[in-house]
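For reference, the structure discussed in these notes is given below.
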Amino acid sequence: MMPHPSTDLFVVGGGPAGLAAALAARRLGLDVTVADCSQPPVDKACGEGIMPDGVRAARSLGLELEDAGPRPFAGIRFAAGAESVEARFPTGTGFGLRRTALHQFLIEHARQAGIRLLRGTRVTALGHAGVWLDDSFVRARWIVGADGGNSAVRRWASLERSRRDSRRYGFRRHYRVAPWSEFMEIHWGDGCQLYITPVSASEICGVLISGDPRLRLEDALPQFPRVAHRLAANPSTRERGGVSTTRVLRSVWRGRVALCGDASGSVDAITGEGLCLLFQQAVSLAGALAAGDLRLYRAAHRRIGRRPAFMAGLMLLLGSSPRLRGRAIRAMATQPRLFAQMLAMHVGELSPIDFATNGLALGWQMLTI
Ligand SMILES: Cc1cc2nc3c(=O)[nH]c(=O)nc-3n(C[C@H](O)[C@H](O)[C@H](O)COP(=O)(O)OP(=O)(O)OC[C@H]3O[C@@H](n4cnc5c(N)ncnc54)[C@H](O)[C@@H]3O)c2cc1C
(Lines give C-alpha, C1' and ligand atoms only; values in the text may rest on other atoms or scores of the structure.)
Protein backbone atom coordinates (compact mmCIF):
# COMPACT_ATOMS: atom_id res chain seq x y z
CA MET A 1 0.00 0.00 0.00
CA MET A 2 1.30 3.53 -0.86
CA PRO A 3 1.69 5.93 2.07
CA HIS A 4 -1.08 8.52 2.36
CA PRO A 5 0.33 12.08 2.70
CA SER A 6 -1.25 12.61 6.14
CA THR A 7 -2.80 10.69 9.03
CA ASP A 8 -4.03 11.34 12.59
CA LEU A 9 -1.73 8.70 14.05
CA PHE A 10 1.42 7.21 12.53
CA VAL A 11 2.64 4.05 14.29
CA VAL A 12 6.27 3.09 13.74
CA GLY A 13 6.51 -0.70 14.09
CA GLY A 14 3.76 -3.22 13.38
CA GLY A 15 4.61 -5.85 16.00
CA PRO A 16 2.07 -6.67 18.72
CA ALA A 17 2.44 -3.24 20.41
CA GLY A 18 2.11 -1.22 17.21
CA LEU A 19 -0.91 -3.17 16.01
CA ALA A 20 -2.57 -3.07 19.44
CA ALA A 21 -2.03 0.69 19.71
CA ALA A 22 -3.36 1.14 16.17
CA LEU A 23 -6.47 -0.92 16.90
CA ALA A 24 -7.17 0.91 20.15
CA ALA A 25 -6.84 4.32 18.47
CA ARG A 26 -8.94 3.24 15.48
CA ARG A 27 -11.72 2.17 17.87
CA LEU A 28 -11.76 5.76 19.14
CA GLY A 29 -12.17 7.11 15.61
CA LEU A 30 -8.59 8.11 14.67
CA ASP A 31 -7.29 7.64 11.15
CA VAL A 32 -4.27 5.33 11.61
CA THR A 33 -1.22 4.31 9.54
CA VAL A 34 1.24 1.60 10.65
CA ALA A 35 4.64 0.99 9.02
CA ASP A 36 6.83 -2.05 9.62
CA CYS A 37 10.10 -2.84 7.89
CA SER A 38 9.37 -6.62 7.89
CA GLN A 39 6.82 -8.67 6.01
CA PRO A 40 4.15 -10.37 8.17
CA PRO A 41 3.72 -12.70 9.88
CA VAL A 42 6.78 -11.72 11.93
CA ASP A 43 8.36 -14.36 14.18
CA LYS A 44 10.35 -13.54 17.30
CA ALA A 45 12.00 -15.33 20.23
CA CYS A 46 9.15 -15.40 22.74
CA GLY A 47 7.83 -17.85 25.33
CA GLU A 48 4.42 -17.49 23.60
CA GLY A 49 2.50 -17.57 26.89
CA ILE A 50 -0.25 -15.03 27.52
CA MET A 51 -1.45 -14.81 31.11
CA PRO A 52 -5.21 -14.48 31.88
CA ASP A 53 -4.79 -10.73 32.54
CA GLY A 54 -3.26 -10.44 29.04
CA VAL A 55 -6.19 -12.36 27.56
CA ARG A 56 -8.56 -9.90 29.29
CA ALA A 57 -6.52 -6.88 28.17
CA ALA A 58 -6.67 -8.14 24.56
CA ARG A 59 -10.44 -8.56 24.91
CA SER A 60 -10.78 -4.90 25.91
CA LEU A 61 -9.35 -4.11 22.44
CA GLY A 62 -11.97 -6.30 20.77
CA LEU A 63 -9.48 -9.16 20.30
CA GLU A 64 -10.90 -12.58 21.23
CA LEU A 65 -7.67 -14.55 21.33
CA GLU A 66 -9.65 -17.83 21.51
CA ASP A 67 -10.27 -17.29 17.79
CA ALA A 68 -6.53 -17.34 17.02
CA GLY A 69 -6.26 -21.07 17.89
CA PRO A 70 -4.40 -20.97 21.22
CA ARG A 71 -3.70 -23.85 23.60
CA PRO A 72 -5.16 -22.96 27.02
CA PHE A 73 -3.18 -23.58 30.22
CA ALA A 74 -4.70 -23.68 33.69
CA GLY A 75 -1.91 -22.22 35.82
CA ILE A 76 1.81 -22.22 36.57
CA ARG A 77 4.16 -24.90 37.89
CA PHE A 78 7.56 -24.14 39.41
CA ALA A 79 10.06 -27.01 39.47
CA ALA A 80 13.54 -27.03 41.02
CA GLY A 81 15.43 -30.31 41.44
CA ALA A 82 13.09 -32.76 43.11
CA GLU A 83 10.72 -30.04 44.40
CA SER A 84 7.74 -28.63 42.55
CA VAL A 85 4.67 -26.57 43.28
CA GLU A 86 1.76 -25.63 41.09
CA ALA A 87 -1.39 -23.51 41.23
CA ARG A 88 -4.32 -22.70 39.01
CA PHE A 89 -5.21 -19.18 37.98
CA PRO A 90 -8.04 -17.85 40.20
CA THR A 91 -10.15 -17.11 37.11
CA GLY A 92 -9.74 -17.65 33.39
CA THR A 93 -6.94 -19.47 31.62
CA GLY A 94 -3.67 -18.49 30.04
CA PHE A 95 -3.07 -19.10 26.34
CA GLY A 96 -0.07 -20.57 24.56
CA LEU A 97 -0.11 -19.08 21.06
CA ARG A 98 2.54 -19.31 18.36
CA ARG A 99 3.98 -15.88 17.72
CA THR A 100 3.30 -16.05 13.98
CA ALA A 101 -0.36 -16.98 14.65
CA LEU A 102 -0.74 -14.03 17.02
CA HIS A 103 0.80 -11.65 14.48
CA GLN A 104 -1.38 -12.91 11.63
CA PHE A 105 -4.46 -12.54 13.85
CA LEU A 106 -3.55 -8.93 14.75
CA ILE A 107 -2.84 -8.07 11.09
CA GLU A 108 -6.26 -9.39 10.04
CA HIS A 109 -8.00 -7.33 12.73
CA ALA A 110 -6.06 -4.22 11.71
CA ARG A 111 -7.00 -4.71 8.07
CA GLN A 112 -10.68 -5.20 8.93
CA ALA A 113 -10.61 -2.06 11.10
CA GLY A 114 -9.46 0.05 8.12
CA ILE A 115 -5.92 0.70 9.39
CA ARG A 116 -3.43 1.59 6.62
CA LEU A 117 -0.64 -1.04 6.79
CA LEU A 118 2.68 -0.26 5.11
CA ARG A 119 4.68 -3.51 5.05
CA GLY A 120 8.34 -3.70 4.22
CA THR A 121 8.54 0.04 4.95
CA ARG A 122 11.24 1.44 7.21
CA VAL A 123 10.75 4.76 9.01
CA THR A 124 14.06 6.57 8.67
CA ALA A 125 13.58 9.78 10.69
CA LEU A 126 11.13 11.92 12.63
CA GLY A 127 10.27 15.39 11.34
CA HIS A 128 8.56 18.26 13.19
CA ALA A 129 5.15 17.37 11.79
CA GLY A 130 5.45 13.72 10.83
CA VAL A 131 7.77 10.89 9.77
CA TRP A 132 10.18 10.17 6.93
CA LEU A 133 10.02 6.88 5.00
CA ASP A 134 13.19 7.10 2.91
CA ASP A 135 12.37 10.01 0.61
CA SER A 136 8.62 10.41 1.26
CA PHE A 137 7.15 12.33 4.18
CA VAL A 138 3.86 11.58 5.99
CA ARG A 139 2.30 14.32 8.11
CA ALA A 140 0.93 13.01 11.42
CA ARG A 141 -0.79 14.65 14.34
CA TRP A 142 0.56 11.94 16.65
CA ILE A 143 3.44 9.45 16.32
CA VAL A 144 3.73 6.22 18.32
CA GLY A 145 7.09 4.49 18.55
CA ALA A 146 6.32 0.76 18.82
CA ASP A 147 9.58 -0.28 17.19
CA GLY A 148 10.72 -2.74 19.86
CA GLY A 149 13.42 -2.88 22.53
CA ASN A 150 16.06 -1.26 20.34
CA SER A 151 13.75 1.62 19.40
CA ALA A 152 15.06 4.28 17.02
CA VAL A 153 12.03 6.47 17.74
CA ARG A 154 13.08 6.49 21.41
CA ARG A 155 16.50 7.82 20.37
CA TRP A 156 15.15 10.32 17.85
CA ALA A 157 12.73 11.72 20.45
CA SER A 158 15.49 11.91 23.13
CA LEU A 159 13.60 9.55 25.45
CA GLU A 160 16.57 7.25 26.15
CA ARG A 161 17.12 8.17 29.81
CA SER A 162 16.26 5.24 32.03
CA ARG A 163 16.15 4.47 35.73
CA ARG A 164 16.97 0.80 35.25
CA ASP A 165 18.51 -1.07 32.33
CA SER A 166 19.72 -4.68 32.49
CA ARG A 167 19.59 -7.61 30.09
CA ARG A 168 19.32 -11.36 29.93
CA TYR A 169 19.37 -13.64 26.91
CA GLY A 170 16.62 -15.98 25.75
CA PHE A 171 16.71 -18.89 23.29
CA ARG A 172 13.48 -20.36 22.01
CA ARG A 173 12.71 -23.59 20.21
CA HIS A 174 9.55 -25.62 19.52
CA TYR A 175 9.31 -29.36 20.10
CA ARG A 176 6.88 -31.81 18.55
CA VAL A 177 5.61 -33.38 21.74
CA ALA A 178 2.12 -33.42 23.27
CA PRO A 179 1.91 -31.14 26.35
CA TRP A 180 2.34 -33.37 29.40
CA SER A 181 0.62 -31.03 31.83
CA GLU A 182 -2.08 -28.38 31.88
CA PHE A 183 0.38 -25.84 33.32
CA MET A 184 2.95 -23.46 31.94
CA GLU A 185 6.12 -24.71 33.64
CA ILE A 186 9.16 -22.84 34.90
CA HIS A 187 12.12 -25.11 35.62
CA TRP A 188 14.79 -23.42 37.71
CA GLY A 189 18.40 -24.33 36.98
CA ASP A 190 21.83 -23.06 37.87
CA GLY A 191 21.75 -19.36 36.83
CA CYS A 192 19.10 -20.06 34.19
CA GLN A 193 15.45 -20.96 33.78
CA LEU A 194 13.71 -23.13 31.21
CA TYR A 195 10.10 -22.40 30.65
CA ILE A 196 7.69 -24.54 28.77
CA THR A 197 4.45 -23.33 27.22
CA PRO A 198 2.00 -25.69 25.52
CA VAL A 199 1.12 -24.14 22.13
CA SER A 200 -1.00 -26.89 20.52
CA ALA A 201 -2.18 -30.45 21.15
CA SER A 202 1.10 -31.72 19.72
CA GLU A 203 3.68 -28.97 20.30
CA ILE A 204 5.31 -27.06 23.11
CA CYS A 205 7.49 -23.95 23.13
CA GLY A 206 10.65 -24.02 25.25
CA VAL A 207 12.66 -20.94 26.24
CA LEU A 208 15.96 -20.90 28.07
CA ILE A 209 16.76 -17.60 29.72
CA SER A 210 19.96 -16.62 31.52
CA GLY A 211 22.52 -13.85 31.91
CA ASP A 212 24.97 -15.67 29.60
CA PRO A 213 24.55 -15.03 25.85
CA ARG A 214 26.59 -18.19 25.09
CA LEU A 215 24.37 -20.56 27.08
CA ARG A 216 22.17 -22.19 24.42
CA LEU A 217 19.04 -24.19 25.02
CA GLU A 218 20.42 -27.56 23.97
CA ASP A 219 23.55 -27.09 26.14
CA ALA A 220 21.46 -26.35 29.22
CA LEU A 221 18.95 -29.21 28.76
CA PRO A 222 20.97 -31.75 30.85
CA GLN A 223 20.33 -29.48 33.86
CA PHE A 224 16.64 -30.31 33.49
CA PRO A 225 16.45 -34.15 33.35
CA ARG A 226 12.70 -34.10 34.08
CA VAL A 227 12.02 -32.52 30.69
CA ALA A 228 15.22 -33.11 28.69
CA HIS A 229 14.25 -36.66 27.69
CA ARG A 230 10.93 -35.42 26.30
CA LEU A 231 12.50 -32.65 24.23
CA ALA A 232 15.90 -33.81 23.03
CA ALA A 233 14.76 -35.92 20.07
CA ASN A 234 11.84 -33.82 18.90
CA PRO A 235 12.72 -30.25 17.87
CA SER A 236 10.28 -28.86 15.29
CA THR A 237 11.81 -25.40 14.69
CA ARG A 238 15.27 -23.87 14.69
CA GLU A 239 16.54 -22.12 17.80
CA ARG A 240 15.90 -18.36 17.80
CA GLY A 241 17.55 -15.94 20.22
CA GLY A 242 16.41 -12.65 21.74
CA VAL A 243 17.36 -10.15 24.41
CA SER A 244 15.15 -9.76 27.46
CA THR A 245 15.65 -6.28 28.85
CA THR A 246 14.54 -4.83 32.15
CA ARG A 247 14.19 -1.14 31.41
CA VAL A 248 12.29 1.66 33.12
CA LEU A 249 12.34 4.91 31.15
CA ARG A 250 12.15 8.29 32.82
CA SER A 251 9.51 9.37 30.33
CA VAL A 252 7.50 7.67 27.61
CA TRP A 253 6.39 10.74 25.65
CA ARG A 254 7.61 14.04 24.31
CA GLY A 255 5.63 16.53 22.23
CA ARG A 256 3.58 14.55 19.72
CA VAL A 257 5.57 11.30 20.17
CA ALA A 258 4.69 8.45 22.59
CA LEU A 259 6.29 5.02 23.04
CA CYS A 260 4.43 1.72 23.45
CA GLY A 261 5.42 -1.91 24.07
CA ASP A 262 9.10 -2.83 24.43
CA ALA A 263 10.11 0.57 23.02
CA SER A 264 8.61 2.11 26.18
CA GLY A 265 10.52 -0.16 28.61
CA SER A 266 10.10 -3.82 29.54
CA VAL A 267 10.15 -6.39 32.32
CA ASP A 268 12.20 -9.59 32.37
CA ALA A 269 10.70 -12.25 30.06
CA ILE A 270 10.41 -14.72 32.95
CA THR A 271 7.19 -12.93 34.02
CA GLY A 272 5.43 -13.75 30.71
CA GLU A 273 3.85 -10.30 30.99
CA GLY A 274 5.26 -8.48 27.92
CA LEU A 275 2.16 -8.97 25.78
CA CYS A 276 -0.23 -8.18 28.63
CA LEU A 277 1.63 -4.95 29.32
CA LEU A 278 1.48 -3.79 25.73
CA PHE A 279 -2.24 -4.55 25.36
CA GLN A 280 -2.92 -2.52 28.50
CA GLN A 281 -0.63 0.30 27.37
CA ALA A 282 -2.39 0.43 23.99
CA VAL A 283 -5.78 1.02 25.61
CA SER A 284 -4.44 3.82 27.83
CA LEU A 285 -2.44 5.40 25.05
CA ALA A 286 -5.45 5.57 22.73
CA GLY A 287 -7.51 7.21 25.48
CA ALA A 288 -4.79 9.83 26.03
CA LEU A 289 -4.49 10.51 22.28
CA ALA A 290 -8.26 10.91 21.96
CA ALA A 291 -8.20 13.34 24.92
CA GLY A 292 -5.23 15.16 23.36
CA ASP A 293 -3.22 14.82 26.59
CA LEU A 294 -0.24 12.43 26.70
CA ARG A 295 0.33 13.16 30.40
CA LEU A 296 -2.60 10.81 31.03
CA TYR A 297 -0.61 8.07 29.30
CA ARG A 298 2.51 8.72 31.36
CA ALA A 299 0.57 8.16 34.60
CA ALA A 300 -1.21 5.06 33.28
CA HIS A 301 2.04 3.60 31.90
CA ARG A 302 3.67 3.84 35.33
CA ARG A 303 0.70 2.24 37.07
CA ILE A 304 0.47 -0.61 34.52
CA GLY A 305 4.18 -1.44 34.90
CA ARG A 306 4.34 -1.52 38.70
CA ARG A 307 3.01 -5.03 39.46
CA PRO A 308 4.91 -6.88 36.69
CA ALA A 309 8.11 -5.07 37.74
CA PHE A 310 7.58 -6.20 41.33
CA MET A 311 6.95 -9.80 40.25
CA ALA A 312 10.00 -9.75 37.98
CA GLY A 313 12.14 -8.58 40.92
CA LEU A 314 10.81 -11.41 43.06
CA MET A 315 11.44 -14.04 40.38
CA LEU A 316 14.94 -12.77 39.63
CA LEU A 317 15.68 -12.93 43.36
CA LEU A 318 14.59 -16.60 43.37
CA GLY A 319 16.75 -17.14 40.29
CA SER A 320 19.83 -15.63 41.92
CA SER A 321 19.99 -17.78 45.06
CA PRO A 322 19.62 -21.59 44.92
CA ARG A 323 19.32 -21.70 48.71
CA LEU A 324 16.55 -19.11 48.89
CA ARG A 325 14.80 -20.71 45.92
CA GLY A 326 14.96 -24.19 47.48
CA ARG A 327 13.50 -22.92 50.75
CA ALA A 328 10.81 -20.85 49.02
CA ILE A 329 9.66 -23.70 46.76
CA ARG A 330 9.65 -26.15 49.68
CA ALA A 331 7.66 -23.66 51.76
CA MET A 332 5.16 -23.16 48.96
CA ALA A 333 4.92 -26.92 48.34
CA THR A 334 4.05 -27.37 52.04
CA GLN A 335 1.49 -24.58 51.86
CA PRO A 336 0.17 -24.56 48.25
CA ARG A 337 -2.18 -21.69 49.18
CA LEU A 338 0.88 -19.40 49.35
CA PHE A 339 1.82 -20.17 45.75
CA ALA A 340 -1.81 -19.78 44.64
CA GLN A 341 -1.83 -16.30 46.21
CA MET A 342 1.46 -15.36 44.61
CA LEU A 343 0.02 -16.39 41.25
CA ALA A 344 -3.18 -14.42 41.94
CA MET A 345 -1.02 -11.35 42.61
CA HIS A 346 0.94 -12.01 39.43
CA VAL A 347 -2.21 -11.89 37.28
CA GLY A 348 -3.66 -8.88 39.09
CA GLU A 349 -6.31 -10.68 41.13
CA LEU A 350 -4.88 -10.05 44.60
CA SER A 351 -4.23 -6.66 46.11
CA PRO A 352 -0.71 -5.67 47.18
CA ILE A 353 -1.91 -5.55 50.82
CA ASP A 354 -3.16 -9.12 50.69
CA PHE A 355 0.04 -10.09 48.94
CA ALA A 356 2.15 -8.45 51.67
CA THR A 357 0.31 -10.57 54.25
CA ASN A 358 0.99 -13.59 52.04
CA GLY A 359 4.65 -12.59 51.81
CA LEU A 360 4.89 -12.53 55.60
CA ALA A 361 3.31 -15.97 55.77
CA LEU A 362 5.80 -17.26 53.23
CA GLY A 363 8.69 -15.73 55.16
CA TRP A 364 7.48 -17.41 58.35
CA GLN A 365 7.04 -20.72 56.59
CA MET A 366 10.58 -20.48 55.17
CA LEU A 367 12.00 -19.87 58.61
CA THR A 368 10.19 -22.80 60.13
CA ILE A 369 10.73 -25.61 57.60
C1 LIG B 1 13.15 -14.69 25.19
C2 LIG B 1 11.88 -13.92 25.38
C3 LIG B 1 10.73 -14.59 25.82
C4 LIG B 1 9.54 -13.88 26.00
N5 LIG B 1 8.43 -14.56 26.45
C6 LIG B 1 7.25 -13.90 26.60
C7 LIG B 1 6.07 -14.60 26.98
O8 LIG B 1 6.06 -15.82 27.16
N9 LIG B 1 4.93 -13.88 27.13
C10 LIG B 1 4.88 -12.53 26.92
O11 LIG B 1 3.80 -11.92 27.08
N12 LIG B 1 5.99 -11.84 26.54
C13 LIG B 1 7.16 -12.48 26.37
N14 LIG B 1 8.27 -11.80 25.95
C15 LIG B 1 8.16 -10.35 25.69
C16 LIG B 1 7.46 -10.07 24.36
O17 LIG B 1 8.01 -10.89 23.34
C18 LIG B 1 7.65 -8.59 24.00
O19 LIG B 1 7.18 -7.81 25.07
C20 LIG B 1 6.89 -8.21 22.73
O21 LIG B 1 7.37 -8.92 21.61
C22 LIG B 1 7.06 -6.72 22.44
O23 LIG B 1 6.36 -6.39 21.25
P24 LIG B 1 6.65 -5.01 20.51
O25 LIG B 1 5.60 -4.90 19.45
O26 LIG B 1 6.81 -3.93 21.50
O27 LIG B 1 8.09 -5.20 19.84
P28 LIG B 1 8.53 -6.15 18.63
O29 LIG B 1 7.79 -7.43 18.66
O30 LIG B 1 10.02 -6.17 18.70
O31 LIG B 1 8.07 -5.37 17.31
C32 LIG B 1 8.73 -4.21 16.86
C33 LIG B 1 8.44 -4.08 15.37
O34 LIG B 1 8.98 -2.84 14.92
C35 LIG B 1 9.53 -3.01 13.61
N36 LIG B 1 10.50 -1.91 13.40
C37 LIG B 1 11.63 -1.65 14.10
N38 LIG B 1 12.22 -0.52 13.64
C39 LIG B 1 11.44 -0.06 12.63
C40 LIG B 1 11.51 1.08 11.76
N41 LIG B 1 12.49 1.98 11.85
N42 LIG B 1 10.54 1.24 10.82
C43 LIG B 1 9.53 0.34 10.71
N44 LIG B 1 9.41 -0.74 11.52
C45 LIG B 1 10.34 -0.94 12.46
C46 LIG B 1 10.13 -4.42 13.64
O47 LIG B 1 10.20 -4.97 12.34
C48 LIG B 1 9.12 -5.17 14.53
O49 LIG B 1 8.13 -5.85 13.76
C50 LIG B 1 9.49 -12.48 25.75
C51 LIG B 1 10.63 -11.81 25.30
C52 LIG B 1 11.83 -12.52 25.11
C53 LIG B 1 13.04 -11.79 24.62
Side-chain angles (χ1 to χ4, degrees), residues 10-22 33-55 57-58 65 73 76 94-100 102-103 106-107 117-126 131-134 143-156 167-173 184 186 192-197 199 205-210 213 217 239-247 259-282 305 308 312:
F10 195 103
V11 182
V12 185
L19 293 171
T33 304
V34 179
D36 197 292
C37 49
S38 309
Q39 293 290 346
V42 177
D43 201 0
K44 198 184 153 156
C46 181
E48 304 184 331
I50 307 173
M51 301 294 146
D53 46 339
V55 175
L65 294 179
F73 53 90
I76 305 280
F95 285 157
L97 181 58
R98 283 287 291 263
R99 188 65 186 219
T100 41
L102 172 68
H103 198 232
L106 294 173
I107 291 273
L117 294 171
L118 309 177
R119 310 148 161 202
T121 305
R122 182 174 292 280
V123 174
T124 49
L126 296 186
V131 299
W132 286 98
L133 322 168
D134 291 320
I143 297 157
V144 166
D147 49 344
N150 205 14
S151 169
V153 174
R154 191 170 66 220
R155 272 196 316 280
W156 295 331
R167 10 184 92 200
R168 299 205 301 153
Y169 305 88
F171 291 95
R172 180 210 74 185
R173 197 163 195 188
M184 184 177 178
I186 301 184
C192 61
Q193 296 86 44
L194 173 67
Y195 64 100
I196 306 281
T197 313
V199 290
C205 171
V207 169
L208 181 85
I209 182 153
S210 82
L217 211 161
E239 191 184 53
R240 182 181 275 271
V243 178
S244 165
T245 306
T246 299
R247 179 184 285 129
L259 304 175
C260 185
D262 281 8
S264 71
S266 40
V267 290
D268 191 273
I270 190 79
T271 58
E273 283 284 303
L275 295 165
C276 176
L277 274 173
L278 64 86
F279 289 136
Q280 293 178 337
Q281 289 163 1

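Both counts, for ligands and for their atoms, begin at 1 and track the order of listing. No hydrogens, no waters, no symmetry mates; every other heavy atom, side chains included, goes into these values.
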The salt bridge (Lys or Arg N to Asp or Glu O under 4.0 Å) partners of Asp53 (sequence neighbours excluded) come to Arg307
Going by the 4.0 angstrom heavy-atom rule, the piece of Ala152 near ligand 1 is neither
So for Phe171 against ligand 1, with non-hydrogen atoms under 4.0 Å, the contacting part is neither
Short version for Leu278: what comes under 4.0 Å of ligand 1, heavy atoms counted, is side chain
- Message: Pair Asp268, Arg168 - check salt bridge (Lys or Arg N to Asp or Glu O under 4.0 Å), show working.
- Response: CA-CA 8 Å; Asp268 191 273; Arg168 299 205 301 153; 2.8 Å; yes
### Message
Can a side-chain donor-acceptor contact be found between Ser151 and Asp147 if the only test is distance below 3.5 angstrom?
### Response
yes
At under 4.0 Å between heavy atoms, what of Gln39 touches ligand 1? The answer is neither
Contact region, Ile50 to ligand 1, non-hydrogen atoms below 4.0 Å, reads neither
Filtering Val42, Asp36, Val11 for the heavy atom nearest atom 49 (O) of ligand 1 leaves Asp36
Any heavy atom of Lys44 under 4.0 Å from ligand 1? The part involved is side chain
- Query: Does ligand 1 have any atom that is closer than 4.0 Å to a heavy atom of Ser38?
  - Reply: yes
Out of Gly49, Gly145, Gly47, Gly54, the nearest non-hydrogen contact to atom 10 (C) of ligand 1 is supplied by Gly49
Logged contact type for Ala35 with ligand 1, heavy-atom cut-off 4.0 Å, is backbone
So for ligand 1, is Gly170 a polar contact partner (N or O within less than 3.5 Å, distance only)? no
